[in-house]
Amino acid sequence: MADLLRTPVHGLHLRLGARMVPFAGYEMPVQYPMGVMKEHLYCRAAAGWFDVSHMGQVILSAPGGAAEAAAALEALVPVDLAGLAEGRQRYALFTDAAGGILDDLMVTNKGDHLLLVVNAACKAADIAHLRAHLPDGVTVTEQADRALFALQGPGAEAALAALVPGVETMRFMDHREALWRGVTLWLSRSGYTGEDGFEISVPADRAETLAEALLAQDGVAAIGLGARDSLRLEAGLCLYGHDIDTTTSPVEADLAWAIQKARRAGGARAGGFPGAERILRELAEGPVRRRMGLRPEGRAPMREGTAIFDAPEGGAPIGTVTSGGFGPSVEAPVAMAYLPAGLAPGATVWGEVRGKRLPATVAALPFHPARYKR
Amino acid sequence: MKYTEDHEWLRVEGDLVVVGITEHASEQLGDVVFVELPEEGRGVSKGDEIVVIESVKAASDILAPLDGEIVAVNGDLADNPALVNEDPTGAAWFFKMKVADLAALDGYMDEAAYKALIG
């Protein structure tokens with residue numbers, strides 16, 4: 001796998017017996033010897049450690065601190081960042097002029113600056129986008145010398161607290177810095193599995209030591225990208241490049257909850273982000289199509305690209321599956337698709353799998369209830 | 001036992017050929033979550049896609065290794081697809097076929113040749 005980048009814990013993945021695959025320009029573990037299904041269930045029952053160091057960690061700093069950086073960044077996202085308190089994190093979206101989505105990201109107010117976490121496949125474009133559109137006073141710095149881990153599942157709190165006492169008091173989307181063996185960790189109570197858990201940024205040269213200390217805790221196992229995908233799918237969370245991209249708007253993607261009142265019509269800072277015209281119109285009038293859950297009947301998964309119809313035969317497709325597979329905790333196939341907005345949970349549609357139309361029921365998301373510590 | 005380059009094993013049972021996938025294939029596929037089997041009585045030609053295996057990762061096909069007729073399919077796989085991971089060369093056989101010419105099996109690899117193929 002020449003030309004692929006490696007994360008700071010590449011050697012650890014190999015020692016753990018991971019099967020490595022190319023992902024977003026990196027050589028990443030898709031699974032460990034436990035296998036995708038057991039890793040998924042293990043994370044929901046105990047705790048999973050994930051290496052997500054391929055994701056971009058970016059600091060936005062400005063002479064006026066986080067407030068100035070937040071005010072500037074609001075020009076690129078339909079999100080209330082002025083209202084994001086110090087030590088808090090919020091989900092955001094970079095939108096384009098047509099109201100499509102360039103990437104989704106996490107934004108944290110760290111007092112004197114903002115910390116952004118962006119998708120690996122988008123990070124170069126995101127950084128260029130920030131540099132091109134933010135005012136000169138805002139500095140964009142990629143934190144390429146830090147690794148990023150996720151620790152997810154009902155056992156995550158106890159496992160991390162054994163190394164870093166006090167994290168028990170953090171609530172969902174809280175952020176803090178903490179010292180561990182003389183090194184500063186950036187901790188967020190967040191993740192991508194629907195479980196309680198943490199995301200942990202650590203300097204690259206201490207990443208392996210920290211990973212080993214976490215894995216040494218009872219009830220913590222390494223989890224690969226395969227299970228990360230089935231966990232997030234059951235949790236109803238979007239994967240950029242699949243469920244959201246420049247052809248989908250935040251409202252179509254059912255992410256209107258990420259657009260706070262301050263940025264909506266009548267809000268204190270209404271509009272003022274790329275694609276505001278379309279996005280505000282869709283907020284007011286409703287979108288034509290919307291991302292929804294699908295529960296295929298039977299056991300055959302409906303994977304990405306599966307065409308969806310409103311009848312068992314004839315007619316044109318009414319939508320397409322954007323993510324689909326088997327949900328190990330749901331014990332059945334699950335999928336997400338863009339479908340006419342008028343469809344409600346309980347409606348029957350048909351997905352064409354290998355030339356045969358198989359019935360599926362429109363379902364509310366998530367498929368597996370979230371267990372965040374609010 | 002004979003082996004195909006598509007990682008199927010073929011075992012002669014009387015005048016029938018029993019077909020499944022190898023341990024190596026089952027490991028590569030990962031956890032199997034769905035198996036679609038052909039209808040009993042179906043006539044097949046070598047190379048026809050006759051079984052679909054869906055794992056947590058992807059869908060893959062099993063091809064008919066020989067010309068013939070499907071005379072039995074393993075219904076246990078519909079209820080318990082995980083058998084393909086648990087016992088790929090035993091309980092998780094996919095189908096039994098009556099073939100026109102058992103001698104056509106000679107064209108496939110023996111165990112030593114298959115082991116060399118998968119390294």
Side-chain angles (χ1 to χ4, degrees), chain A residues 17-23 28-43 223-234 295-306 321 323-335 351-358 360, chain B residues 6-7 21-45 47-64 70 73-89 91-95 118-119:
Chain A
R19 186 181 301 168
M20 306 299 285
V21 297
F23 182 85
M28 296 298 291
V30 67
Q31 65 168 80
Y32 299 88
M34 200 189 289
V36 175
M37 189 96 82
K38 290 200 183 81
E39 289 172 25
H40 176 117
L41 296 171
Y42 192 95
C43 179
I223 310 294
L225 290 182
R228 182 168 163 85
D229 191 51
S230 55
L231 288 158
R232 69 92 196 166
L233 173 57
E234 282 186 345
R295 295 282 304 261
E297 290 176 22
R299 290 187 67 100
M302 291 183 186
R303 298 192 187 268
E304 182 176 0
T306 301
V321 170
S323 283
F326 186 81
S329 302
V330 175
E331 298 182 314
V334 289
E352 196 163 279
V353 179
R354 292 180 285 275
K356 274 182 275 187
R357 290 207 193 162
L358 305 176
Chain B
D6 301 314
H7 308 284
I21 63 166
T22 64
E23 186 97 39
H24 173 77
S26 118
E27 280 168 17
Q28 293 298 313
L29 280 173
D31 304 299
V32 173
V33 297
F34 173 72
V35 177
E36 188 175 286
L37 296 163
E39 285 168 25
E40 288 176 3
R42 177 176 156 188
V44 298
S45 302
D48 285 356
E49 295 169 358
I50 51 175
V51 174
V52 177
I53 308 174
E54 295 260 12
S55 76
V56 284
K57 283 176 244 164
S60 34
D61 296 308
I62 287 195
L63 310 180
I70 306 296
V73 298
N74 186 355
D76 291 350
L77 297 180
D79 302 326
N80 185 13
L83 268 185
V84 178
N85 300 110
E86 290 157 11
D87 191 9
T89 54
W93 59 276
F94 286 89
F95 55 87
I118 60 175

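Computation of the quantities below employed the complete heavy-atom set of this structure, encompassing side-chain atoms and omitting hydrogens, waters and symmetry-equivalent molecules. Chain identifiers are assigned alphabetically (A, B, ...) following the order of the sequence lines, protein sequences preceding nucleic acid strands; residue numbering begins at 1 within each chain.
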Next on the checklist: Quick check: closest heavy atoms across A/R19 and B/K57, and the distance to 0.1 Å?
Outcome noted: NH1-NZ, 2.9 Å
Next on the checklist: Does any part of the side chain of A/S230, heavy atoms only, come nearer than 4.5 Å to the side chain of B/V56, both counted from C-beta?
Outcome noted: no
Checklist outcome for this item: Tightest non-hydrogen contact, residues B/S55 and A/R303, listed as O-NH2, 2.5 Å
Next on the checklist: At a 4.5 Å cut-off on heavy atoms, which part of B/A59 comes close to chain A: side chain, backbone, both, or neither?
Outcome noted: both
Checklist entry - Do other residues, nucleotides or ligands put more than 12 heavy atoms under 6.0 Å from the CD atom of B/E86? => result yes
Item to check | Closest heavy-atom pair and its distance - B/D31, A/G35 | outcome: OD2-C, 3.9 Å
Next on the checklist: Please rank A/K38, A/H40, A/R354, A/Q31 by heavy-atom pairs under 4.5 Å with chain B and give me the top one.
Outcome noted: A/R354
Next on the checklist: For the CZ atom of A/R299 and the CD atom of B/E36, what is their distance to the nearest 0.5 Å?
Outcome noted: 13.5 Å
Next on the checklist: Quick check on B/V52 against chain A: is it the side chain, the backbone, both or neither that has a heavy atom closer than 4.5 Å?
Outcome noted: side chain
